Visitor: 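Pasting a structure below so you can have a look.
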Amino acid sequence: MSDPIFFAAAADLTLAEIATVAGTSLPEGADPDLRLAGAAPLESAGPSHLAYMDNARYGDAFAATRAGACLVSPRFAARCPSGTVALVSRDPYRAYATLLGRLHPDALRPGSQFGARGVAPGAHIHLEAHLEEGVTVDPGAVIGPGAEVGSGTVIGPNAVIGPGVRIGRDCAIGAGTTLSHALLGNRVILHPGVRLGQDGFGFAMGVTHLKVPQIGRVIVQDDVEIGANTTVDRGASRDTVIGEGTKIDNLVQIAHNVVIGRHCVIVSGVGISGSTTLEDYVVLGGQVGVVGHLRIGRGAQIAGSSNVNRDVPPGSRWGGTPAKPVRAWFRELTTLARLAERSGKAQADDGA
């Protein structure tokens, strides 16, 4: 069986080019014309590879690396092996990510699964849909009446784009996604299996539960990325909104009327209940649960597996169940640990 390379480097880069892109300078004696053909982890990198180092846990791997060059934070630079060119950067990981984008541009967003351009055989596009030039549609995709798709966008196989949906330019819509009642900006990435714009969970409760029609939309602004099998419900009466630059992981549930600000980070397993607002730059760790009708302030961070049941002030760090400021949470955990230890000693003494 063959061993395919899914992301071959698009082009070699010289050390001078790498330093320019990374915003760093070459050390004395380094050959600016040395060409590197790709990137690799410290432990497997060879003389033609670029690596990075910014974590003390990888000190042994760094000391033994054979990488041609390594982006490294200032505190580790002196430990760089003699055969590796140290490119000192205040943020080596960010610089590395930028260079990976140059070396492997195809890895920046999902492409056609059919390996073709234009509308593939087997795609179903309504006569009243409008596709700009340069749109790629893979087999099995369905695009409904009145839908609009901007140039440079790729629609993956078996994706369903509902009537009237608007998709901006240079977007990537993954295989098997479904979009309805939604407006997407430019450069939006939806990974496979995303569900966007379905009914919110709204019922007038009683002896029988009366369904409340969900008549809002989903608005996704520019440069948003949404992970595989995440669901975003459309609004009930107002729109569900995801702000510019926000990054959402796999398996996240976002309920109706939720408003998420710009450049938020939402990690896998999060559930956000209806009508909650996240202001700009909020971070929710994995498996956080947020009850409805709350406001989480700008720049707040919530630790993983926490449950948020009240408003969170801007800039604060909370954790626990129910969530509270981290210092209070840590004090509680420490107190409980001490009580448990004392109880265990008392039981042991009684037994003696």
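Predicted, not measured: the structure shown is a model, and the values here were computed from it.
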Visitor: Checking side-chain polar atoms at under 3.5 Å, does S112 have a donor or acceptor matched by the opposite partner on D138?
Guide: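 Yes, side-chain donor-acceptor contact under 3.5 Å.
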
Visitor: Could you check I242, T277, I272 and say which one makes a side-chain contact (heavy atoms from CB on, under 4.5 Å) with V258?
Guide: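 Filter result, single survivor: I272.
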
Visitor: Is the closest basic N to carboxylate O distance between E332 and K324 below 4.0 Å?
Guide: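 K324 and E332: salt-bridged.
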
Visitor: Kindly indicate, with the supporting measurements, whether the criterion side chain to side chain contact (heavy atoms under 4.5 Å, CB included) is fulfilled by Y58 and D60.
Guide: CA-CA 6 Å; Y58 302 102; D60 290 345; over 6 Å; no

Visitor: Okay, side chain of K247, backbone of D223: is any donor-acceptor separation there less than 3.5 Å?
Guide: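 Yes.
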
Visitor: Any Lys/Arg nitrogen of E148 or R166 sitting under 4.0 Å from an Asp/Glu carboxylate oxygen of the other?
Guide: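 Yes, charged N to carboxylate O under 4.0 Å.
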
Visitor: Apply the test side chain to side chain contact (heavy atoms under 4.5 Å, CB included) to residues L179 and L190: give CA-CA distance (whole Å), side-chain angles for both, the deciding distance (0.1 Å), then the verdict.
Guide: CA-CA 10 Å; L179 282 71; L190 304 182; 3.8 Å; yes

Visitor: Counting only heavy atoms from other residues, nucleotides and ligands, does the tally under 6.0 Å from CZ of R35 exceed 12?
Guide: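 Check passes, neighbour count above 12.
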
Visitor: Could you tell me whether the side chain of V259 reaches within less than 4.5 Å of the side chain of R238, counting heavy atoms only?
Guide: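 Contact flag for R238/V259 side chains = yes.
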
Visitor: Out of F62, Y93, F76, which residue meets the ring-ring contact (aromatic ring centres under 6.0 Å, His included) rule with Y52?
Guide: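 Result: among F62, Y93, F76, Y93 is the only option passing the ring-ring contact (aromatic ring centres under 6.0 Å, His included) with Y52.
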
Visitor: Can D311 and R295 be counted as an ion pair, charged N to O under 4.0 angstrom?
Guide: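 Looking at D311 and R295, the cut-off is not met.
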
Visitor: Kindly say whether G168 contributes a backbone atom to a donor-acceptor pair with the side chain of N186 at under 3.5 angstrom?
Guide: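 A pair under 3.5 Å: no.
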
Visitor: Is V88 reachable from L26 through a run of hydrophobic residues whose side-chain heavy atoms are each under 4.5 Å from the next?
Guide: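 Cluster IDs for L26 and V88 differ.
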
Visitor: Heavy-atom count around F203 CZ within 6.0 Å, excluding the residue itself: above 12?
Guide: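 Correct, the count exceeds 12.
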
Visitor: One pair to check against side chain to side chain donor-acceptor pair (under 3.5 Å): S151 and E133. What are the steps and the verdict?
Guide: CA-CA 5 Å; S151 62; E133 290 187 16; over 6 Å; no

Visitor: Looking at P163, is its backbone amide N or carbonyl O close enough to the side chain of S180 to form a donor-acceptor pair, meaning the two atoms are under 3.5 Å apart?
Guide: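 A pair under 3.5 Å: no.
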
Visitor: Mark yes when over 12 heavy atoms from residues, nucleotides or ligands other than R66 sit less than 6.0 Å from its CZ; otherwise mark no.
Guide: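 Open: at most 12 neighbouring heavy atoms sit under 6.0 Å from CZ of R66.
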
Visitor: Identify which one of R195, H181, Q214, Q253 satisfies the side-chain contact (heavy atoms from CB on, under 4.5 Å) criterion when paired with D233.
Guide: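 Exactly one option meets the side-chain contact (heavy atoms from CB on, under 4.5 Å) with D233, and it is Q253.
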
Visitor: Is V154 close to R109 at the side-chain level, that is, under 4.5 Å between some pair of heavy atoms?
Guide: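 Touching, per the 4.5 Å side-chain cut-off.
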
Visitor: Would V282 and V270 show up in the same hydrophobic cluster when neighbours are defined by side-chain heavy atoms closer than 4.5 Å?
Guide: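 Both belong to a single hydrophobic cluster.
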
Visitor: Would you say P313 and W318 make side-chain contact, with heavy atoms under 4.5 Å?
Guide: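 P313 vs W318: side chains touch.
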
Visitor: Are any side-chain N or O atoms of E279 and backbone N or O atoms of G297, one a donor and one an acceptor, separated by less than 3.5 Å?
Guide: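 No.
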
Visitor: Taking C-beta and beyond as the side chain, do V241 and Q221 meet within less than 4.5 Å on heavy atoms?
Guide: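 When only atoms from C-beta onward are counted, Q221 and V241 do touch, with a gap below 4.5 Å.
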
Visitor: Which of these, I173, V220, I161, sits in a side-chain contact (heavy atoms from CB on, under 4.5 Å) with L196?
Guide: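 Only match with L196 under side-chain contact (heavy atoms from CB on, under 4.5 Å): V220.
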
Visitor: For the side chain of D54 and the backbone of S73, is there at least one donor-acceptor N/O pair under 3.5 Å apart?
Guide: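 Checking the backbone N and O of S73 against the side chain of D54, no donor-acceptor pair under 3.5 Å is found.
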
Visitor: Assess whether a salt bridge exists between R217 and D239, defined as any Lys/Arg side-chain N lying under 4.0 Å from an Asp/Glu carboxylate O.
Guide: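 The answer is yes: the pair qualifies as a salt bridge.
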
Visitor: Does L13 share a hydrophobic cluster with L71, counting links as ILVMFWY side-chain heavy atoms below 4.5 Å and allowing steps through other members?
Guide: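 Same hydrophobic cluster.
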
